[in-house]
There are 2 protein chains.
Amino acid sequence: MHDVARLARVSVSTVSYVLTGARPISQATRDKVLAAMAELDYQPNAMARGLASRRSRIVGLLMPMDERGLGATETAFVTGAAAAASAAGYHLVLSPVGAGDVDDLRRLASQRMLDGAVLMEVQVEDGRVAALQEAGVPLVLIGRTGDTTGLSYVDIDFEQTVREAVDHLVGLGHRRIVYVNHSAATIAAGYGPAVRTRDAFVAAMADHGLAPIMIPAEDSAAGGRAALTAALAQAPDLTAVLAMNENAIFGILGELATRGHAVPRDVSVVSMVTSPQVAELAHPALTAMTSPGSALGRIAVEALLRHLEGAGDTHQQLLPCALEVRGSTGPAAGARDRTDPAGSGPPVT
Amino acid sequence: MHDVARLARVSVSTVSYVLTGARPISQATRDKVLAAMAELDYQPNAMARGLASRRSRIVGLLMPMDERGLGATETAFVTGAAAAASAAGYHLVLSPVGAGDVDDLRRLASQRMLDGAVLMEVQVEDGRVAALQEAGVPLVLIGRTGDTTGLSYVDIDFEQTVREAVDHLVGLGHRRIVYVNHSAATIAAGYGPAVRTRDAFVAAMADHGLAPIMIPAEDSAAGGRAALTAALAQAPDLTAVLAMNENAIFGILGELATRGHAVPRDVSVVSMVTSPQVAELAHPALTAMTSPGSALGRIAVEALLRHLEGAGDTHQQLLPCALEVRGSTGPAAGARDRTDPAGSGPPVT
DNA sequence: GTGAAAGCGCTAACAA
DNA sequence: TTGTTAGCGCTTTCAC
């Protein structure tokens with residue numbers, strides 16, 4: 001920096017101000033400095049800047065990494081967030097910090113490495129929130145904790161998303177619709193998406209004067225198979241499945257095929273919060289509620305950066321998923337012979 | 001730190017030495033200092049340490065993020081790497097830097113934020129390597145560039161992996177085996193895994209006196225369907241498919257089902273470099289070559305840290321995938337009526 | 001085994 | 001509009 005200043009025949013502070021833009025610099029001077037920087041291939045030292053300014057210009061994206069991996073949906077969060085950070089001159093670092101290893105996070109935060117953080121896969125009770133708040137690190141959630149007072153978040157509008165999915169199916173004439181959620185344990189733990197979609201499903205069905213049928217499923221193909229078996233036991237006359245569980249969906253499809261139920265002729269299937277890539281993996285391709293992936297990431301980072309600039313108001317926003325009709329939904333079959341039509345109301349002839 | 005020193009009645013340098021372990025400290029003094037640090041809930045400032053020591057204690061995991069997302073395999077790399085870094089007192093930050101945005105990387109590197117880097121999804125010609133080398137940032141690859149002279153890497157032993165897969169199938173009596181690779185464009189671009197497995201397949205088949213049949217496939221379910229169609233056209237009597245393409249595999253399975261070929265009764269399927277999670281998604285579950293995911297990440301970071309400590313030798317290592325037999329492979333059907341047995345050698349009676 | 005003090009490369013008052 | 005300079009919080013010689 002010294003060298004740049006000398007070459008441009010200005011003081012080091014002028015070079016610094018050109019860099020930070022913290023005070024007006026005449027065009028002539030700025031050009032000289034810029035030329036010198038280019039000439040010397042100068043790059044400011046991040047540590048020194050961080051120490052002097054007390055801002056690292058790094059924001060963390062805290063992203064639990066379980067063995068399941070990242071779906072296309074989560075990846076979209078990341079790319080959206082990274083783009084937004086980069087555009088604002090910040091570095092976005094991903095940190096595989098889950099709700100479990102809060103200690104790791106506490107250290108990271110106390111060491112003043114992070115100017116702020118975006119939390120993914122937020123739990124109802126999420127230790128990471130308190131850890132960051134105690135360390136004085138501004139944060140924005142993707143998802144929601146139980147109590148969001150004073151917290152900024154961006155989340156999927158599950159109510160609206162479920163409603164749209166149900167409307168789509170009801171519009172096709174379906175009346176016996178099963179909702180396959182996450183596992184019972186997950187729901188009991190109060191996992192937001194599971195709880196909210198459950199409640200929304202009950203409400204949406206009620207609006208159509210229909211009875212909700214709901215089945216939990218473990219996050220695996222086997223879980224999906226078991227869930228469908230349970231669903232058929234409970235509602236042999238079901239004509240549509242709405243599934244929240246991206247891991248179980250393939251099991252559901254497999255079990256439907258095994259039992260000779262054709263999709264969408266016999267049973268229509270809608271997958272929630274699913275990326276187009278995953279939807280295309282199935283055959284027929286899945287009608288799905290596509291999550292606003294990169295938009296969520298971008299908005300979260302933009303809100304965070306606004307906080308860093310000192311804007312004190314909290315940002316709370318919900319975005320719906322978009323219905324994308326593919327091959328897995330069709331008109332409800334009218335009368336069909338089933339092994340046991342009981343429980344579906346008066347038998348259809 | 002000043003406060004810690006005063007409370008412990010030692011000098012700041014002593015506190016620093018307790019922190020870094022750069023010189024012997026008597027047990028009594030160390031205890032006093034540690035007690036003071038705990039008392040004051042002291043956390044050293046990462047920026048200041050980085051500036052003074054010229055080492056950030058951050059290593060980057062450079063991980064291209066395309067829209068497909070991260071598979072379970074890549075996730076295992078990450079968790080393995082993060083664990084290894086954390087154990088050594090380093091922070092592992094993931095950076096979504098692909099072979100494309102080298103400029104971003106160049107900036108990151110020149111700003112001295114990274115003590116070192118691990119590169120994932122390395123291309124044959126990967127601009128990231130030169131960018132890091134020019135910036136003087138030590139690096140380790142997961143995968144390999146075309147010329148690995150002087151570079152450290154950890155990669156999958158594709159030769160051995162393909163050999164084991166072929167041996168498994170031949171051991172079951174299969175002789176007409178089709179290899180479904182990545183797309184022709186990917187192979188032409190010299191993508192390592194595609195090229196290496198192709199060559200290994202030819203060699204392994206030759207060892208058994210068999211003729212290799214190979215079909216490229218786009219990375220999608222549709223690509224898999226097309227590939228299987230092409231394969232059946234070329235070798236109507238095929239009894240086994242070995243697939244490298246995790247995205248195409250579901251299309252292959254779907255097309256087999258559509259055509260009425262049962263797995264594994266009519267056709268056996270082996271999936272390469274596949275995580276157990278994905279293998280379990282299919283029905284029947286896929287016999288697969290499971291990649292040594294977390295081990296790759298761990299070994300890469302350990303090698304990198306050794307470089308940071310000044311060890312100058314390059315680390316080059318190959319790890320094979322492990323064969324995990326599930327439901328998608330079985331004995332080759334002997335004689336079966338096919339539409340066209342021609343091209344399979346003398347007809348079997 | 002410990003302490004004193006000179007930076008690390010920048011930013012941001014303060015001064016002009 | 002620009003220059004001067006005192007730190008930012010630590011590490012690491014150099015001295016004892």
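Every chain is numbered from 1 and lettered A, B, ... according to where its sequence line falls, protein lines coming before strand lines.
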Q) What do you reckon, is CD of Gln317(B) surrounded by more than 12 foreign heavy atoms closer than 6.0 Å? A) yes
| query | Gln43(B) side chain to Arg112(A) main-chain N or O, any donor-acceptor pair under 3.5 Å? | reply | no
Q) Should Asp115(A) and Ser56(A) be marked as a side-chain hydrogen bond (donor to acceptor under 3.5 Å, both in side chains) after you check the CA-CA gap, both sets of side-chain angles, and the distance that decides it? A) CA-CA 6 Å; Asp115(A) 283 356; Ser56(A) 63; 3.1 Å; yes
Overall bend of the helix from dG1(C)-dC16(D) to dA16(C)-dT1(D) (five pairs an end, 10° steps) is 30°
Here the distance between atom C1' of dT1(D) and atom CZ of Arg9(A), to the nearest Å, is 19 Å
CG (Leu114(B)) and OG (Ser95(B)) are apart, to the nearest 0.5 Å, by 7.5 Å
Value for CE (Met1(A)) from OG (Ser16(A)), rounded to nearest 0.5 Å, stands at 4.0 Å
note: Lys32(B), atom NZ; dT2(C), atom C1'; distance rounded to Å ~ 10 Å
**Request:** Ignoring backbone atoms, establish whether Thr29(A) has a side-chain N or O less than 4.0 Å from OP1 or OP2 of dT1(D).
**Result:** no
Main-chain N/O of Ala83(A) paired with Ser86(A) side-chain donor or acceptor, under 3.5 Å: no
#### Entry: Heavy-atom neighbours of Gln133(B) CD exceed 12 at 6.0 Å
yes
- When you measure from the centre of the six-membered ring of Phe158(B), is the NZ or CZ of Arg196(B) under 6.0 Å away and within 45° of the axis? no
Taken to the nearest whole Å, CD1/Ile25(B) to P/dT11(D) is 12 Å
Whether each nucleotide of nucleotides 9-16 of chain C has a protein heavy atom under 4.0 Å at its base (B), only at its sugar-phosphate (S) or at neither (-) is summarised, 5' to 3', as BBBBBB--
